[in-house]
Amino acid sequence: EIMPSLVGSEMCIRDSYSSKNVLRLLKSFNTQWENGGFSPPCPGFRRSAFYIAEKWYVKNYTKPVLIEGGHAFGKTTLLKQMLAALLERGVPPGNILYLSFDYPLTRNKSAAEIIEIYRRESCSGSPLFCLLDNVEYASEFVDFCKTAGGGTHVHVLAASSAHIDGLNGTCPFIRYIPMSGITFYEYCEYHGFKPDERTPFVYPADFHTQDVSVITAMHRGLEPLSRYLEDYIRSGGYFDPNGGATDELLYAKAVDKTLMRDIPLLFEVRGNTDVEKVFVYLCYLSSGTISVNSISKALRISRATVERYIDYFEKTNLITIHESMDWETLSSVKGFKKIYINNYRMRNCALNVGGADTAAFDTDIKNAVKVSFIMHFRQFFQDGTALGVFKKNAAAKRTDIVVRFPDKINALINVQYADQVQLRANDWLLTLADKTYPNYLVTKKASDYGMVYLCLLYTSRAHETR
């Protein structure tokens, strides 16, 4: 009596993947096939990542383009804006295919299989511009990317909320674009906050090569924007053009969705309670040094499980981990690790602090600026940038960020967002600085801004700084 219903269910499942049902689903995604436009309309403001993606996807396509970032950072909006841009360029609506794998019918299905059904049944021209969302749930996506290069009739722009094994910035058969929250530049641009038109632009790795007059002019041009920095930090870098994204909604979309659904489905985790416990514990540790043993003892969760969950958090873009790095090679070395929750607002939602709590904000602002600074580096230097933590020896003071710029210049960066800046003569920021290795100190007060020339006088007794 049970067998017929099981057989019937299996037939029903097979039928749901038929060409007819796949096309019906695709039609619901692609309103431009009927009305020639996209509904509902997309936000008009386009982020920097859009123009980077457009360059490689539309103008100079040679291989699939993959955008990766956490939930609620605007990846789906970018894909829909790209769809609108293709229509503006005169691409026939039927030659554009938007597809999300975040639905039961498409989840764990092959992108190649679904695209082939559409090309065979409905698409008449080429190239076919494919906009693929939530590809972390697509099956055999890496293999698909290997065959979707410039020699095919399919152009692929994909978005993922999690790392996909085999696809990263060093992968030879994709263009990889990391996407995090909106940058301070984008925040100011969206709100109409502008620097002086005469403000010179200086590539960050070239600050030390500029004349003092150029640095001074840049300072004067940008200084008026500093009044908006703390409001930007409070926003958490979320793009919210309609102003309706409350902390509760953002947490549900960015954190709960990741902890309660993505991690269990992507990594086959049973039970969510321990996952959430470890994440909340890491929120307290944000910008601090990780001790897996301490976390394990405090939460009574095995060390192996804690390590595995931390790896999952990093793969789903909830956290960033900076490992100890060798100064010369910038390769990872054995030592301590620092953890950063990728978004200040997301962290405070998890801990139920911040918002109107000015005291809590003042306490956390130092770490919030540091996290934002790291995010900006990752966003601005998308090729060839290594980030980590540097410590010369056990007794030495730790330097927050060690970075290798794309032109192979190493730099140490310390973030001291405080009224009083402490810089000692034996600080590695000074002793390892020269014309080859320019180091940077990020501070709060406008009066701190500029280049500081430090003469180190070494004597038999000590050395002092002028």
Side-chain angles (χ1 to χ4, degrees), residues 43-51 73-74 180-243 245 343-345 348 354-381 400-401 403 405 411 413-423 438-453:
F45 178 75
R46 292 173 176 175
R47 295 184 53 191
S48 300
F50 171 88
Y51 298 103
F73 279 147
S180 52
I182 62 171
T183 63
F184 185 56
Y185 173 86
E186 292 168 331
Y187 177 85
C188 291
E189 185 180 26
Y190 177 74
H191 289 284
F193 308 145
K194 297 181 179 180
D196 189 289
E197 294 180 355
R198 297 166 294 181
T199 304
F201 172 80
V202 180
Y203 187 73
D206 294 335
F207 281 176
H208 68 295
T209 67
Q210 302 299 310
D211 186 80
V212 175
S213 61
V214 176
I215 295 295
T216 302
M218 185 167 66
H219 166 226
R220 289 175 177 170
L222 295 175
E223 198 277 331
L225 299 181
S226 63
R227 72 188 72 172
Y228 307 115
L229 177 63
E230 294 192 359
D231 285 340
Y232 162 74
I233 294 295
R234 288 179 189 274
S235 76
Y238 287 110
F239 179 52
D240 183 23
N242 299 319
N343 186 278
Y344 167 80
R345 189 174 175 184
N348 280 7
D357 189 345
T358 304
F361 180 75
D362 291 340
T363 301
D364 297 336
I365 185 65
K366 298 175 186 178
N367 289 334
V369 170
K370 192 180 299 182
V371 172
S372 181
F373 192 85
I374 292 168
M375 181 270 288
H376 278 70
F377 256 91
R378 292 189 180 278
Q379 195 81 338
F380 191 83
F381 301 106
D400 293 318
I401 305 167
V403 59
F405 291 107
I413 302 171
N414 244 346
V415 181
Q416 293 192 30
Y417 195 78
D419 293 328
Q420 298 296 325
V421 176
Q422 296 181 348
L423 191 62
N439 295 333
Y440 300 89
L441 181 65
V442 181
T443 64
K444 178 179 180 179
K445 295 187 298 184
S447 58
D448 294 331
Y449 190 88
M451 289 192 296
V452 180
Y453 294 94

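Note that this is a predicted model, so its numbers are computed, not measured. Quick note: residue numbers are just sequence positions, from 1.
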Give the minimum heavy-atom separation between Arg46 and Phe50, together with the two atoms involved. CD-CE2, 3.5 Å
With a 3.5 Å distance limit and no angle check, can you tell me whether His219 reaches the backbone of Ile215 through a side-chain donor-acceptor pair? no
Which pair of heavy atoms, one from Val202 and one from Val214, lies closest together, and at what distance? CG2-CG1, 3.9 Å
Thr183 OG1 to Tyr190 OH distance, which is reported to the nearest 0.5 Å: 14.5 Å
Roughly how far, to the nearest 0.5 Å, is CD1 of Ile413 from NZ of Lys370? 12.0 Å
Here the pair of heavy atoms bringing Gly221 nearest to Pro224 is O-CD, 3.6 Å
Quick check for you: to the nearest 0.5 Å, what is the distance between Glu186 atom CD and Ser48 atom OG? 4.0 Å
Is there a donor-acceptor pair closer than 3.5 Å between any side-chain N or O of Tyr232 and the backbone N or O of Ile182? yes
Look at the side chain of Arg47 and the backbone N and O of Gly74, then say whether any donor-acceptor pair between them is shorter than 3.5 Å. no
Measuring from Met375:CE to Asn343:CG, what's the distance to the nearest 0.5 Å? 8.0 Å
Minimal non-hydrogen separation, Leu225 against Phe184, with atom names: O-CZ, 3.3 Å
Within this structure, what is the CZ-CD distance for the pair Phe45 and Glu189, rounded to the nearest 0.5 Å? 4.5 Å
Hey, is CZ on Phe193 packed in by over 12 heavy atoms from elsewhere, all under 6.0 Å? yes
Show your reasoning for whether side chain to side chain contact (heavy atoms under 4.5 Å, CB included) applies to Val442 and Phe373. CA-CA 9 Å; Val442 181; Phe373 192 85; 3.6 Å; yes
Of all heavy-atom pairs linking Asp196 and Thr199, the shortest is O-OG1, 2.7 Å
Is Ser372 reaching over with its side chain to a backbone N or O of Ala368, donor-acceptor style, under 3.5 angstrom? no
Are Lys444 and Asp419 within salt-bridge range, i.e. N to O under 4.0 Å? yes
Exam field: side chain Gln416 to backbone Leu441, donor-acceptor pair closer than 3.5 Å: no
